[in-house]
Amino acid sequence: MSTERFDTIVIGAGQAGLATGYHLTRCGQRFVILDAHDRVGDVWRERFDSLRLYSPARYDGLPGWGIPARGWSWPGKDEVADYFEAYAERFALPIRTGTTVDGLSRVGDRYVATAGTDRFEADNVVVASGTWQSPVLPDLAERLDPRIRQLHSSDYRNPSQLQDGPVLVVGCSHSGADIALEVSHSHRTTICGPVRGEVPFDLEGRLAHIAIPIMWFMANHVLTERTPVGRKMRTHVRSGGGPLLRVKRADLAAAGVEHFPAKVTDVRDGRPVLDDGTALDVRNVIWCTGFRKDTSWIQIPVTGSDGWPEQARGVSPDHPGLYFVGLPFLQAFASMLTGGVGRDAGYVAKHIARRQTRAGLRPSAPTLT
């Protein structure tokens, strides 16, 4: 097994990894970005076809170059993917695609990342591998009638994947509502799960031009780890579903989507059963039940009691040279958003540059042994 040595390794070429790479370049650092996908932006290309961002383009840009779209347009997932790819090319970021990091350990004063038979070594590692990666499915999904077609939201692309007959969407957060509305045009659709609030205006209406700038200011400067309301919000965001954004309850009702606030808690005769005892006769189930953060590949104790990596503004308190970017509420609510990750990435990049300087290390060219 050969070993490549770098000053810094960034794991993940999504919004967090790209923003970190931009700032590391500005700080004169030598680094590599490792990403599991075949192309930069594939993490967005793999999402459902009709997905559009929930913030206008003017708030979606990465540092140094905004997304090339009208400020009050709402980019689709392929537009975001192509923008990420163009961003990486524009700033000549050193990205290795098709490289799935399956292990991260520490050997002496340096970190070792492995990707199959490839081995990478560095003084610093930035974990920018996404907010949530592993789809969550309840155990009872295995007990449903095998004739029911089941998809997690991560596998859903469009209604053509569904078989004829009624559809149950499990999970009434923003993505669940979006998907339920879409499939209701061709299938009788039911959605279940509690609604955790909804934005009280049309996301693309005139009022949004007033409300969204205020919300963006709050997401960056009020809802932060330094304020009581921010810390309360952080716990909620990391553990629960989000509110309805583009599609509201009234939109679902107008489309004929039946909503049950109860959750799926059991299976009877192969059919999903709600916690109020209602059994649903459906031919398709789309699980919009979220994702969890996967740190099992990090062979260093990094997680706290809440299961999330311990860090202060992205800096590991226990492992010098280890960093995290892109986590929800890394510093503020905006930390997990495309347009908000740049501030955290800049702080981490400067911290790395100072660390290298204090250690008397000058940026070096990558080496292979």
Side-chain angles (χ1 to χ4, degrees), residues 15 44 47-63 65-80 83 131 153 169 171-185 189 191 193-238 240-259 261 288 290 328-329 331-343:
Q15 60 210 39
W44 281 87
R47 301 185 181 186
F48 62 92
D49 295 345
S50 61
L51 175 64
R52 290 183 295 145
L53 294 183
Y54 298 106
S55 54
R58 66 192 306 162
Y59 297 111
D60 298 331
L62 296 173
W65 183 45
I67 188 167
R70 290 183 296 105
W72 283 101
S73 65
W74 303 81
K77 56 106 174 180
D78 290 328
E79 191 175 354
V80 175
Y83 163 63
T131 307
S153 61
V169 177
C172 199
S173 187
H174 42 270
S175 60
D178 287 1
I179 291 172
L181 183 65
E182 179 175 69
V183 301
S184 71
H185 300 314
T189 303
I191 188 170
V195 173
R196 296 175 174 84
E198 57 183 39
V199 173
F201 58 87
D202 180 357
L203 203 63
E204 300 182 35
R206 295 180 62 183
L207 183 58
H209 291 232
I210 298 172
I212 288 179
I214 297 173
M215 294 171 65
W216 186 251
F217 176 84
M218 293 184 63
N220 283 279
H221 304 291
V222 178
L223 300 176
T224 75
E225 61 177 5
R226 297 175 180 172
T227 66
V229 66
R231 291 190 291 272
K232 182 177 180 180
M233 176 70 76
R234 177 180 59 189
T235 301
H236 174 74
V237 166
R238 289 185 171 185
L244 300 183
L245 299 175
R246 181 172 282 111
V247 176
K248 312 292 198 305
R249 281 172 288 192
D251 300 314
L252 295 172
V257 177
E258 187 175 13
H259 173 230
C288 296
F329 265 95
Q331 178 183 183
F333 183 90
S335 293
M336 60 185 175
L337 304 179
T338 303
V341 72
R343 178 171 60 169

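When all heavy atoms are compared, the tightest approach of Q331 to S335 is N-OG, 3.0 Å. In plain terms, the two heavy atoms of K248 and F201 that are nearest each other are NZ-O, 3.0 Å. Heavy atoms only, all atoms of each residue included: I191 and C172 are closest at CD1-SG, 3.7 Å. The two residues P243 and S173 make their nearest non-hydrogen contact at O-OG, 4.4 Å.
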| Worked verdict on M336 versus V237 for side-chain contact (heavy atoms from CB on, under 4.5 Å) | CA-CA 11 Å; M336 60 185 175; V237 166; 3.7 Å; yes
| task | Using the side-chain contact (heavy atoms from CB on, under 4.5 Å) rule, take W44 and Q15 through it: C-alpha gap first, then chi angles, then the decisive distance, then the call. | result | CA-CA 10 Å; W44 281 87; Q15 60 210 39; 4.0 Å; yes
| task | Begin with the C-alpha distance, continue with both residues' side-chain angles, and end with the deciding distance and a verdict on side-chain contact (heavy atoms from CB on, under 4.5 Å) for H259 and V195. | result | CA-CA 10 Å; H259 173 230; V195 173; 3.6 Å; yes
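In this structure, Y54 contributes its side chain and L203 its backbone to no donor-acceptor pair below 3.5 Å. A donor-acceptor pair under 3.5 Å is absent between the side-chain atoms of T189 and the main chain of V257, judged by distance alone. Distance alone, capped at 3.5 Å, is enough to place a donor-acceptor pair between the R246 side chain and the L53 backbone. At least one donor-acceptor pair under 3.5 Å links the side chain of T227 to the backbone N or O of V222.
Side-chain contact annotation: S55 with D60, donor-acceptor N/O pair under 3.5 Å present.
F217 and H221 have tilted rings, their planes meeting at an angle from 30° to 60° on a 0 to 90° scale. Classification of the H209-W72 ring pair by plane angle, with boundaries at 30° and 60°, yields parallel.
Taking a 6.0 Å sphere around CZ of R231, one finds it holds more than 12 heavy atoms contributed by other residues, nucleotides or ligands.
In this structure, M218 and M233 have side chains that are not in contact, with every pair of non-hydrogen atoms separated by 4.5 Å or more. In this structure, the side chains of V247 and L252 come closer than 4.5 Å at one or more pairs of heavy atoms.
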